[in-house]
2 protein chains.
Amino acid sequence: MEKRLFKDAIYTAIAGMTKAFSNANRLEILDLLANGEKTVEEIATQTSMSVANASQHLQILKNARLVGARRQGTFIYYALSGLKAYAAWKALRDMALELEPDVQRTLDQYRLETNSYPGCHFDEIYQEPAAQLLDVRPVEEFAAGHLSNALSIPIQELSERLGELPRHKTIIAYCRGPFCTYADEAVALLKANGYKALRLEESYLDINLNEDQWKN
Amino acid sequence: MEKRLFKDAIYTAIAGMTKAFSNANRLEILDLLANGEKTVEEIATQTSMSVANASQHLQILKNARLVGARRQGTFIYYALSGLKAYAAWKALRDMALELEPDVQRTLDQYRLETNSYPGCHFDEIYQEPAAQLLDVRPVEEFAAGHLSNALSIPIQELSERLGELPRHKTIIAYCRGPFCTYADEAVALLKANGYKALRLEESYLDINLNEDQWKN
DNA sequence: CAAATATTCAATAGAATTATTGAATACTAT
DNA sequence: ATAGTATTCAATAATTCTATTGAATATTTG
């Protein structure tokens, strides 16, 4: 194989995969699927897309091997292909947060408006006995994987279940990741009810990905 | 700011950056610039593109903040924006190697044809006293950063400078990364001249990125 | 088998991307 | 200033991407 052909083949193949990342709707789908498998309709609802459009984007992600599909009854569940796919999305996300000021600025502004600014990071709180981790995602996502010692109270039920939370601890709320708004809503609600509360910037997978980093 | 608008703003902004990755020519440019700054013409030559086309792609990379430009005399030198940008490219690359079989297959086939298969990894050789690291990139790239204890002999000069290499050690050749062919050429040449030689899969930046991993 | 539901497909129009060409710009050196 | 060189810009046509619409397919349930 000639050198030029070799390089073209390699870079073209990789670009084929990276193209799947180059669309806002698909990034949102990936971010969602990182927290557990979902049906087309759930994806469409969560992302405010039409079902047909979501399906089309899912085909693109599937052809790029970023997501896989599993049929159960009349439903088809889509899920992220693996940790490497999440790692790539996270690397792109972290890069954008550092290199594109608009991203960080928009994030900060939203946090300020929702009274969840500033957030905290896992390494600051994971050994803190006066902190209580709270997972506000739907129970299926909690079941698919969660931070150890976290309580699970989905955001919709939080206002009715405040009594389950320890009064004397700082509540560290987390959700699907930095661009999910559930934890912001939770922190706002908790603060309004007299709790000390902070938003965790990382998601379960973010921590899981760097497991080694926290291990010892 | 409304929740939907917030998410659209964030994901759209990140997709804007990731779009810059979604083209084979631009990936090749990024891979090249990771090894040190280059002029438009050098980039065009190395990647077999027209100068105008390379310039156009560089504008896209610059607008996406993935590369920066520095003027010196009549030349403009382009360089990667930072380690986060390289980390994103590496994450995409590693993902493709794992999830897209064609990429690994093409790579293996090329290595077999050029007699540089199989390669070795840094963690296998970095403490091996019977190994001699050899950097076959141009001297400017060596100067911009290289593995410690590596010898620098650009690939074009290698055949005339074989005498500088220790006969009794295994020569570990490396270059710009897994898709660069310099190290393959070097290994083929070294083997043809009776040396024991292996191709290192990682580049200098790959090792530098995971510095902590090798530190202790 | 028929009805109901989840998902995909096909067609379309509008928008964005790409490589090429040749002209325009910006800087240096004389 | 003028000439020379590096780089960018502008215009173009071919291709690809995107959201929408409505029809088609596949599976379960009755």
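Residue numbers begin at 1 in each chain, while the letters A, B, ... track the order of the sequences. These numbers come from a predicted model, not from an experiment.
In this structure, B:Asn53 atom CG and D:dT8 atom P are separated by 13 Å, rounded to whole Å. If you measure from atom CZ of B:Phe75 to atom P of D:dA6, you get 5 Å, rounded to the nearest angstrom. Rounded to an integer number of Å, the gap from A:Ile43 CD1 to C:dA6 C1' is 12 Å. Atom CD of A:Glu41 and atom P of C:dT5 are 11 Å apart (whole Å). Rounded to an integer number of Å, the gap from NZ of B:Lys19 to P of C:dT18 is 10 Å. Distance CG (B:Leu58) to P (C:dA19): 13 Å, rounded to an integer number of Å. Here the C1' atom of nucleotide D:dC17 and the CD atom of A:Gln59 are 16 Å apart, to the nearest Å. Rounded to whole Å, atom C1' of D:dA26 lies 16 Å from atom CD of A:Gln72.
Heavy atoms of A:Tyr78 sit under 4.0 angstrom from primed sugar atoms or phosphate atoms, though from no base atom. Base engagement by A:Gln56 is indicated by at least one non-hydrogen atom pair under 4.0 Å involving a base atom.
At a cut-off of 3.5 Å, with distance as the only test, no side-chain donor of A:Asn63 or A:Gln59 sits close to an acceptor on the other residue. For the residue pair A:Asn208/A:Tyr86, the side-chain donor-acceptor check at 3.5 Å is not satisfied.
Ranked by how close their nearest DNA chain D nucleotide is to the 5' end, A:Arg71 and A:Asn25 are led by A:Asn25.
Remark: A:Ser55 is in phosphate contact with C:dT8, judged by side-chain N or O atoms under 4.0 Å from OP1 or OP2. Checking the phosphate oxygens (OP1, OP2) of D:dC17, no side-chain nitrogen or oxygen of A:His57 falls inside 4.0 Å. Within the structure, a side-chain polar atom (N or O) of B:Arg26 is placed less than 4.0 Å from OP1 or OP2 of C:dT18.
Closest contact between the side chain of A:Ala52 and the listed nucleotides C:dC9, C:dC27, D:dT28 involves C:dC9. Of the candidates C:dT7, D:dT18, D:dA6, C:dT7 carries the atom nearest the A:Ile76 side chain, counting heavy atoms from C-beta on.
The aromatic rings of A:Phe75 and A:Tyr77 lie tilted to each other, with the angle between the two planes from 30° to 60°.
Within a 6.0 Å radius of CD in A:Glu157, other residues, nucleotides and ligands contribute more than 12 heavy atoms.
When each of B:Asn25, B:Asn23, B:Asp31 is paired with A:Tyr11, the side chain to side chain donor-acceptor pair (under 3.5 Å) condition holds for B:Asp31 and for no other.
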